[in-house]
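Have a look at the structure below before the remarks.
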Amino acid sequence: MDKSRFLLLRMLSMIHCLCYIYMMIMANYLTAGALAIAHTNFSTDQSALLALKAHITSDPQNILTANWSSASNSDICNWVGVTCGARHHRVTALNLSSMGLAGVIPPHLGNLSFLIELHLKNNFFNGPLPQELSRLRRLKAINFQYNNFTGTIPSWFGSFPKLQTFILWGNGFSGFIPAAIFNLSALEKIDLSNNQLSGSIPREIGNLTMVKRIYLDDNKFEELPNEIGSLGQLEELFVQDNALKGSAFVPVLNISSLTTFTLYGNNMSGSLPDNMCEHLSSIRRLYLDQNQLDGMIPSKLWQCKELREISLASNNFRGSIPKSLGNLTYLSKIILSDNNLEGNKCGSILQSFRF
């Protein structure tokens with residue numbers, strides 16, 4: 001009986017030892033595997049960045065030339081312009097702004113799968129943008145401001161479900177805005193100004209339910225869609241210096257969250273609704289100058305009680321200046337020159353303002 005018990009205990013002890021050995025082997029295997037994966041991912045990010053460096057044709061400040069090294073022991077997280085996440089040690093932000101860099105964007109950059117922010121503003125990048133960038137599904141910010149990109153805006157820019165900031169200001173993009181851009185449901189700021197875009201702004205712009213700032217100025221747009229009036233969180237709308245015509249801006253007057261609206265330098269016509277301030281409860285800056293607007297200055301303009309700046313200059317407004325404008329206690333700038341206004345009330349009205 002004692003012998004049987006002894007053998008049983010020995011057998012259990014051996015099983016315990018074998019289990020312990022197995023667990024140690026598996027732990028070492030998994031650790032090695034994890035390190036191998038981490039090293040592979042690290043190498044992927046390094047390769048992507050080195051590919052970008054290889055496509056740089058001008059680095060006047062020698063920033064990338066001196067700092068981005070191909071040595072295997074070089075820590076990319078210490079490279080200029082590179083930010084890594086603390087947990088995965090992967091590249092989460094790339095900021096090469098204002099370095100005077102010239103060159104093209106290689107498709108390898110689409111392998112930075114943990115990238116959240118991509119800032120290349122104020123450089124001289126050119127050429128086509130590779131579609132591989134659409135794989136960067138974690139992106140929240142894209143800023144390609146003031147480069148030399150041309151051609152049409154790629155429709156795959158609408159493939160970033162988390163994108164909040166999208167800036168292409170100051171390039172040479174032409175043609176229409178792809179409607180797919182307005183599938184970016186998380187977008188809060190879009191800046192396509194100072195390009196050569198034309199045609200109508202797509203009706204799908206009404207899908208940007210989270211957008212707060214839209215900059216489309218200095219292009220060749222001809223029409224504002226009615227759907228823009230449904231943007232309930234929009235605060236700033238800049239569409240000056242385009243080719244907008246008619247009175248299609250009227251839906252904008254229904255956006256109660258709007259604080260700034262600039263429409264100067266277009267071909268807008270028609271008169272301003274007398275009740276235009278009924279919904280513009282937050283408007284502070286209103287620039288409608290250099291158009292072909294006519295009729296009377298709305299007598300209820302005083303209902304825009306937050307108004308600080310207004311310009312109606314260089315239009316065809318007629319009649320007298322409403323005395324009720326003196327009730328706009330926050331107003332610091334009013335420009336009404338080059339119209340067909342008449343009367344002698346202007347002096348008494350201006351005395352009511354605190355400039």
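If you check the side chains of T262 and Q240, you find a donor sitting under 3.5 Å from an acceptor. A donor-acceptor pair shorter than 3.5 Å cannot be found between the side chains of D294 and S271. Looking at N111 and R135, their side chains do bring a donor and an acceptor atom within 3.5 Å of each other. A donor and an acceptor atom, one from each side chain of S174 and Q196, are nowhere located under 3.5 Å apart. Side-chain atoms of S74 and W68 include no donor-acceptor pair closer than 3.5 Å. At a cut-off of 3.5 Å, with distance as the only test, no side-chain donor of N171 or T150 sits close to an acceptor on the other residue.
Contact check for R308 versus K333: no side-chain heavy atoms found under the 4.5 Å cut-off. Side-chain atoms of V91 and F114, non-hydrogen and from C-beta on, never get closer than 4.5 Å to each other. Two residues are said to be in side-chain contact when any heavy atoms from C-beta on lie closer than 4.5 Å; E306 and S282 fail this criterion.
No path of Ile, Leu, Val, Met, Phe, Trp and Tyr side chains, each step under 4.5 Å between heavy atoms, connects Y264 with I214, placing them in separate hydrophobic clusters. In this structure, L109 is a member of the same hydrophobic cluster as F157, with clusters built from ILVMFWY side-chain heavy atoms closer than 4.5 Å.
The 12-atom threshold is exceeded at CZ of F238, counting heavy atoms of other residues, nucleotides or ligands nearer than 6.0 Å.
N126 places no side-chain N or O within donor-acceptor distance of the main-chain N or O of F149, the cut-off being under 3.5 Å.
Checked against the 6.0 Å centroid threshold, F261 and Y287 do not count as a close aromatic pair.
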